[in-house]
Amino acid sequence: MRAQDVMSSPVVVLHAEQSVKEAAAVLAGHGFTSAPVVDVDGRLVGVLSEADVLRGRIPVDPRSRIWDEVTDQLPPAMLVAEVMSSPAVAVSPGTDCAQVARMMLADRLRSVPVVDQAEVVGIVTRRDLLRVIARDDGEIRGAVCSRLANYGGADRWTVTVHEGVVTVLDEYDDAVDRHVAQVIAEGVPGAVRAVVTSRTREASR
């Protein structure tokens with residue numbers, strides 16, 4: 001699978017010159033943990049996360065300081081450009097989802113923007129990847145059958161799916177076709193592995 005197969009699109013983006021308060025309303029209103037930030041030309045320049053917004057913007061309850069000396073606090077940053085994380089970590093539409101998942105885990109990212117020639121065309125979130133993992137076996141089987149039918153005919157393949165593992169039985173015994181069928185099956189979102197064999201090989205066992 002590639003990033004373009006699972007990404008959410010179109011993308012809600014924030015602007016570098018937007019106020020942090022407005023950006024916070026966008027994140028809260030959509031239930032986002034983060035969002036890409038673009039400049040006036042629409043190019044990705046950063047990512048704004050919930051943590052970026054929260055940092056330094058929640059004052060201490062004044063009641064807890066009623067008998068203490070009041071100290072001056074630095075004013076919070078007002079613009080997204082002042083608090084966003086930059087440069088942004090991004091991937092291209094053709095990036096392997098396995099690589100995206102490794103990036104998320106290694107860098108503790110909740111989402112990764114997808115960029116095509118500096119334009120934000122999508123975003124891959126942890127939820128997008130979880131949705132793929134949780135995809136129903138019947139849906140996966142239907143997608144595999146459809147793609148295999150385009151390659152070798154609808155009546156050639158027998159497909160079963162269990163817990164995301166695809167098993168393909170080919171009417172013919174051709175090593176090249178078995179390899180292509182495996183690539184096709186494993187390219188379907190939700191498929192974790194594909195095993196392809198031929199009816200002739202099965203009968204000889």
Side-chain angles (χ1 to χ4, degrees), residues 1-13 30-36 44 47 88-205:
M1 290 179 296
R2 306 293 178 180
Q4 61 192 7
D5 299 322
V6 302
M7 69 184 187
S8 299
S9 182
V11 190
V12 174
V13 298
H30 288 84
F32 294 159
T33 59
S34 63
L44 181 69
V47 172
V89 176
V91 297
S92 68
T95 303
D96 194 312
C97 283
Q99 180 181 343
V100 177
R102 287 194 297 269
M103 290 171 56
M104 286 183 170
L105 294 174
D107 298 334
R108 298 183 179 181
L109 303 173
R110 292 184 177 274
S111 62
V112 179
V114 181
V115 177
D116 186 11
Q117 297 182 352
E119 179 186 357
V120 180
V121 295
I123 190 166
V124 177
T125 67
R126 290 184 181 182
R127 183 170 297 178
D128 291 325
L129 296 179
L130 286 175
R131 193 178 295 116
V132 171
I133 294 171
R135 192 179 186 189
D136 181 75
D137 284 345
E139 291 183 17
I140 298 171
R141 180 184 179 279
V144 172
C145 288
S146 177
R147 295 189 184 188
L148 288 177
N150 291 332
Y151 173 69
D155 299 328
R156 177 173 175 174
W157 320 91
T158 301
V159 179
T160 57
V161 182
H162 179 68
E163 296 294 321
V165 178
V166 181
T167 302
V168 180
L169 184 62
D170 187 3
E171 289 294 327
Y172 306 109
D173 187 11
D174 185 291
V176 173
D177 283 352
R178 286 198 302 274
H179 174 72
V180 173
Q182 181 178 2
V183 171
I184 290 173
E186 290 183 347
V188 170
V192 296
R193 187 167 67 93
V195 178
V196 183
T197 188
S198 68
R199 193 173 295 280
T200 301
R201 287 173 176 264
E202 286 291 304
S204 64
R205 290 183 179 181

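The residues of the chain are indexed from 1 along the displayed sequence. Quick caveat, the model's predicted, so the values are computed rather than measured.
When all heavy atoms of Val166 and Ala191 are compared, the closest pair comes out as CG2-CB, 3.9 Å. Heavy-atom minimum distance, Ala3 versus Val114: CB-CG2, 4.2 Å. Closest non-hydrogen pair, Val188 versus Ala143, comes out as CG1-CB, 3.6 Å. The two residues Ala88 and Leu44 have their closest heavy-atom pair at CB-CD2, 3.7 Å.
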With side chain to side chain contact (heavy atoms under 4.5 Å, CB included) as the criterion, how do Thr197 and Leu169 come out once you've worked through the C-alpha distance, each side chain's angles and the decisive distance to 0.1 Å? CA-CA 5 Å; Thr197 188; Leu169 184 62; 3.7 Å; yes

Derivation and outcome, side chain to side chain contact (heavy atoms under 4.5 Å, CB included), residues Val144 and Ile184: CA-CA 7 Å; Val144 172; Ile184 290 173; 5.7 Å; no

Using the rule given for side chain to side chain contact (heavy atoms under 4.5 Å, CB included), can you reason through Met104 versus Leu129, listing the C-alpha separation, both sets of side-chain angles and the distance that settles it, and then say yes or no? CA-CA 11 Å; Met104 286 183 170; Leu129 296 179; 3.9 Å; yes

Stepwise, does the side chain to side chain contact (heavy atoms under 4.5 Å, CB included) test hold for Val89 with Val47? CA-CA 8 Å; Val89 176; Val47 172; over 6 Å; no

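Here the side chains of Asp177 and Tyr172 are not in contact, with every heavy-atom distance at 4.5 Å or above. At a threshold of 4.5 Å between non-hydrogen side-chain atoms, the residues Val121 and Pro93 count as touching. In this structure, His179 and Val183 have side chains that are in contact, with non-hydrogen atoms separated by less than 4.5 Å. Residues Val6 and Met1 form a side-chain contact, since some pair of their non-hydrogen atoms from C-beta on lies under 4.5 Å apart. Side-chain atoms of Thr125 and Arg110, non-hydrogen and from C-beta on, never get closer than 4.5 Å to each other.
Atom CG of Asp155 has 12 or fewer neighbouring heavy atoms from other residues, nucleotides or ligands inside a 6.0 Å radius.
Checked against side-chain hydrogen bond (donor to acceptor under 3.5 Å, both in side chains), Thr160 has no partners two or more places apart in sequence or in another chain. Applying the ring-ring contact (aromatic ring centres under 6.0 Å, His included) test to His162 and every residue at least two apart in sequence or in another chain returns nothing.
Under the 4.0 Å criterion applied to side-chain N and carboxylate O atoms, Asp5 and Arg2 are not assigned as salt-bridge partners. Salt bridge present: Arg178 and Asp173 bring a charged side-chain N and a carboxylate O closer than 4.0 Å.
Note that OG1 of Thr95 and CE of Met103 are 7.5 Å apart. Values are rounded to the nearest 0.5 Å. Once rounded to the nearest 0.5 Å, the distance linking CG of Leu148 with CZ of Arg141 reads 10.5 Å. Atom-to-atom distance recorded for Ile123:CD1 and Ser34:OG is 5.5 Å, nearest 0.5 angstrom. With values rounded to the nearest 0.5 angstrom, Leu130 atom CG is found 15.0 Å from Arg135 atom CZ. Separation of atoms CZ (Arg102) and CG (Asp96) is listed at 7.0 Å; rounding is to 0.5 Å. Separating the CZ atom in Arg126 from the CZ atom in Arg108 is a distance of 9.5 Å, to the nearest 0.5 Å.
The backbone N or O of Gly138 sits less than 3.5 Å from a side-chain atom of Asp136, completing a donor-acceptor pair.
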